[in-house]
Amino acid sequence: MNVLSYLCKNFKNMSRELSEHEIVRRNSLKELISLGIDPYPAEEYKSNVAIEEILKNFPEDKSLYQDVQISGRIMSRRIMGAASFVEFQDSTSRIQLYFKRDDICPGEDKTLYNTVFKRLLDIGDIIGVKGYVFITQMGEITIHVTEYKILSKALKPLPVVKEKDDKKYDAFTDPEQRYRQRYLDLIVNPSVKKIFEKRSQLMNTMRTFLNEKGYLEVETPILQPLYGGAAARPFKTHHNSLDMTLYLRIANELYLKRLIVGGFDGVYEFSKDFRNEGMDRFHNPEFTQIELYVAYKDYEWMMNLAEEMIEKVAMDLHGTTKVQVGKNIIDFKRPWKRFTMFEAIAHFTGIDISEMDEDQLRETAAKLNVPIDPSMGKGKLIDEIFGECCEAQLIQPTFITDYPVEMSPLAKKHRKVEGLVERFEAVCNGKELCNAFSELNDPIDQRQRFESQLELGKRGDDESMVLDEDFLNALEYGMPPTAGIGIGIDRLSMIMTNSDSIQDVLFFPQMRPQQKANISTDADFKNLGIPEVWIPAIRKAGFNTVEAFRQADANKLMNDLGGLRKKMKLDVPGLKSEDLESWIKG
RNA sequence: GAUUAGCUAGCUCAGUCGGUAGAGCAUUUGACUUUUAAUCAAAGGGUCCCGGGUUCGAAUCCCGGGCUGAUCACCA
């Protein structure tokens, strides 16, 4: 196509080839400029109404919205000669626009409609419109546009999703593209936006709830010389001027407890934590949790707070405590079911392990087909049995209490039962939702617990905790009895938005890096003595780099380029083999 | 890390036995003044993920690699 190759030349400075769509749009851009229209104007464009309001209020009062001004994006167009319909989207919703040639262009000059609107505007462009609202013969609320202004020209085509009777056609569903180009996902899939609005609302509900109780929102270091507060492998980084290793935090527990020592009654932090572990639909290397510590409370008290707060989240987001999650309806209404860990295991396996020693536990685990390895201590064995036999079966929110001491080096010893700690997790939809304890404030006990963690580390448990001397130092000055909790915000968001993957509740989930195509510039090719006109043909023949080109088979290349000369209608004499050889040799 | 499925036009996807690479939407040109997955007519658009092998001939068969999804293992 002559026009295309001509246009390609106009963009020859771009080192990659442009698709036809992109060339057409760049050309429209130039034409707009030559018509004296700025495709990217600087000044503010005032809107006086949101589309959502129009859709809501207009049916009841047709006298409303007779002079509206709105900005938004063109999502689709139906052009019928001198009249057109446009689907138009702002941040709140979509509405139809009606463009009529003689209204847009009352005088003789029809350029603004025939040329600018019909030919130079595209799906994806951002415009501002003035007009009045009416209802079409088909019964659709529509803005009759009297004036419009281009606010931003789009150079790439948007995926076009069409819809009829709630059925989607050509939906933009490929998860990889959706996550890598989340902005596109947000534009064309309105339900995605709702998920993130819910997530934000969820955090606001918690923040308000905790602020009203007088707790202080704080921030603690993400870069830590020692990582602690959880069992996980960290990310490691390096500080240049201190010349020291720093870790990205895996939890913020130890810092928040230092603040309790410092005299705050309640502190909380919404924190990004980082764990260097596998990735799947429940795990992202960086994730968010809220941690809360309240002085002079215990884990019983914290359980009540947790169910109250999460019930409130469900109410605020859904107007009810019942939330549809996959096939299940989960009811967050208080009070939640409570099991001790031993009770839960007995309930689901029929085996009472509460009196067993390490060897008996090992046998039981084997009998239940729970995978174990020699590095596991007694606590880890119990935890594995629970995780394998119980967790997935707990759909409705359930508190599991009283964990083995080996698994919980930061939790206080159980007030009644030897070998256990005062700890609970809430499990919901088969997954842990939060984790809480009566915090250990006995500095001598804490030191011993860290030391036994070090023992586990020596046995090969690479998630065991390291000893934090300064934290122990803080405890030695005296920490009040304290209840602490951590709630996974991503996990909770998944449940509250019925998302089955963590990637759906993170704007930018971690992805493998895309293979970067190594591309030589036109100048690189010119340095070999290749005339400019041939460069697009060489790229077309599959040579993106000078290195690849120089290894090419001369005969094959001769044939290919000859063919491409015809195909691309290059207006140059046929290639001579001496020339080609000299290019290859450089 | 293991198993498995997939990768074809800007998007969603067909592609038979190995024989000239297809459809719808999008794009371009034209018709059309209340359409709505607008319609009608015509045109353009491809590194069939990459590399190698078998073959007269590979999107298709074989081997290797990349990426993505799903499941499993570890972790929240």
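Note on naming: letters A, B, ... go to the chains in the order of the sequence lines (proteins, then strands), and numbering restarts at 1 for each one. From a predicted model like this one, the values you see are computed outputs, not experimental measurements.
- In this structure, Arg178(A) reaches neither bases nor backbone, as no heavy-atom distance under 4.0 Å exists between it and the strands shown.
- One C1' atom belongs to C56(B), the other to C67(B), and the distance between them is 34 Å to the nearest Å.
- If you take atom C1' in G65(B) and the same atom in G44(B), they sit 35 Å apart, rounded to whole Å.
- Side chain of Arg182(A) to main chain of Leu506(A): a donor-acceptor pair is present (N/O by atom type, distance under 3.5 Å, no hydrogens or angles).
- In this structure, Glu384(A) reaches the sugar-phosphate backbone alone: every heavy-atom distance under 4.0 Å involves primed, P, OP1 or OP2 atoms, never a base.
- At the heavy-atom level, Asp102(A) lies under 4.0 Å from base atoms of the strands shown.
- For Asn27(A) and G44(B), the CG to P distance is 20 Å, given to the nearest whole Å.
- In the set A26(B), C75(B), U34(B), the nucleotide with an atom closest to the side chain of His21(A) is A26(B).
- With a 3.5 Å ceiling on both atom-pair distances, A26(B) lacks any Watson-Crick or G-U wobble partner.
- Between Phe117(A) atom CZ and U33(B) atom P there is a gap of 15 Å when expressed in whole angstrom units.
- Annotation: side chain of Val86(A) is not in contact with side chain of Val129(A) (no heavy-atom distance under 4.5 Å).
- Taking atom CG of Asn284(A) as the reference point, atom P of C75(B) lies 18 Å away to the nearest angstrom.
- For the OP1/OP2 pair of U35(B) and a distance below 4.0 Å, the side-chain nitrogens and oxygens of Arg78(A) include no atom meeting the criterion.
- In terms of polar N and O atoms assigned as donor or acceptor, the side chain of Glu140(A) never comes within less than 3.5 Å of the base of U35(B) in a complementary pairing.
- Straight-line distance from the CE atom of Met75(A) to the P atom of C11(B): 16 Å, rounded to whole Å.
- Distance Glu391(A) CD to C75(B) P: 10 Å, rounded to the nearest Å.
- The aromatic rings of His144(A) and Tyr132(A) sit parallel, their planes meeting at an angle under 30°, below the 60° perpendicular limit.
- Distance check on atom P: A2(B) versus A73(B) gives 16 Å, rounded to whole Å.
- An OP1 or OP2 oxygen of C75(B) is reached within less than 4.0 angstrom by a side-chain nitrogen or oxygen of Lys380(A).
- Residue Glu432(A) is in sugar-phosphate contact alone, with no base atom involved, counting any heavy-atom pair closer than 4.0 Å across all strands shown.
- Listed nucleotides: G69(B), A73(B), U34(B). Nearest to the side chain of Gln503(A): G69(B).
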Could you check Glu52(A) against Ser93(A) for side-chain hydrogen bond (donor to acceptor under 3.5 Å, both in side chains), going step by step and ending with a plain yes or no? CA-CA 5 Å; Glu52(A) 203 169 46; Ser93(A) 192; 5.8 Å; no

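- Under a cut-off of 6.0 angstrom, the local environment of NZ in Lys62(A) is crowded, with over 12 non-hydrogen atoms contributed by other residues, nucleotides or ligands.
- Ionic pairing of Lys153(A) and Asp122(A) is present here: one or more N-O contacts between side-chain nitrogen and carboxylate oxygen are shorter than 4.0 angstrom.
- In the set U28(B), U36(B), A73(B), the nucleotide with an atom closest to the side chain of Asp122(A) is U28(B).
- The side chain of Gln137(A) sits closest to U34(B) out of C75(B), U34(B), U33(B).
- Using the six-membered ring where Trp is involved, Tyr113(A) and Phe117(A) have ring planes that are parallel, under 30° apart on the 30 and 60° scheme.
- More than 12 heavy atoms of other residues, nucleotides or ligands lie within 6.0 Å of NZ in Lys118(A), so this atom counts as buried by the packing criterion.
- Under the Watson-Crick or G-U wobble criterion, with both distances below 3.5 Å, U47(B) is left unpaired in every strand shown.
- Both distances falling under 3.5 Å, in either a Watson-Crick or a G-U wobble arrangement, place C72(B) opposite G1(B).
- Closest approach to the Gln96(A) side chain among U34(B), U35(B), U33(B) is made by U35(B) (side chain taken as heavy atoms from C-beta onward).
- Nucleotide A9(B) is matched to nothing when pairs are restricted to Watson-Crick or G-U wobble geometry with both distances under 3.5 angstrom.
- For G10(B), the OP1/OP2 oxygens have no side-chain nitrogen or oxygen of Arg25(A) closer than 4.0 Å.
- If you check C61(B) for Watson-Crick or wobble pairing at under 3.5 angstrom, you find it paired to G53(B).
- A straight line from CD of Glu22(A) to C1' of G45(B) spans 13 Å, rounded to a whole angstrom.
- Comparing U12(B) with C17(B), their C1' atoms are spaced 28 Å from each other, to the whole Å.
- Considering only side-chain atoms of Thr136(A), the nucleotide from C25(B), U34(B), G10(B) that sits closest is U34(B).
- Searching all strands for a Watson-Crick or G-U wobble partner of A37(B) with both distances below 3.5 Å returns nothing.
- In this structure, Phe85(A) atom CZ and U33(B) atom C1' are separated by 9 Å, rounded to whole Å.
- Only the C1' atoms considered, U34(B) is 24 Å distant from A26(B), to the nearest whole Å.
- With hydrogens and angles left out, the side chain of Asp280(A) and the base of C74(B) share a donor-acceptor pair within 3.5 Å.
- G66(B) and C50(B) have their C1' atoms separated by 7 Å, given to the nearest Å.
- Within the nucleic acid shown, Leu433(A) has no heavy atom closer than 4.0 Å to any nucleic acid atom.
- Across the P atoms, G19(B) and A59(B) are found 10 Å apart, a figure rounded to whole Å.
- With distances taken from any side-chain atom of Arg281(A) to the nucleotides C75(B), U71(B), U36(B), the minimum falls on U71(B).
- Using a 4.0 Å cut-off between charged nitrogen and carboxylate oxygen, Lys431(A) and Glu391(A) do not count as a salt-bridge pair.
- Heavy atoms of Asp500(A) sit nowhere under 4.0 angstrom from any nucleic acid atom.
- Nearest-nucleotide positions on RNA chain B place Lys118(A) closer to the 5' end than the other of Lys118(A) and Glu425(A).
- The same atom, C1', is picked in C7(B) and in U47(B); the two are 14 Å apart, to the nearest Å.
- Spacing between atom CE of Met80(A) and atom P of C40(B) amounts to 15 Å, rounded to whole angstrom units.
- Nearest-nucleotide positions on RNA chain B place Thr142(A) closer to the 5' end than the other of Phe282(A) and Thr142(A).
- Counting non-hydrogen atoms under 4.0 angstrom, Gln289(A) reaches nothing in the nucleic acid.
- Contact annotation: Lys162(A) does not reach the phosphate of G24(B) (side-chain N/O to OP1 or OP2, under 4.0 Å).
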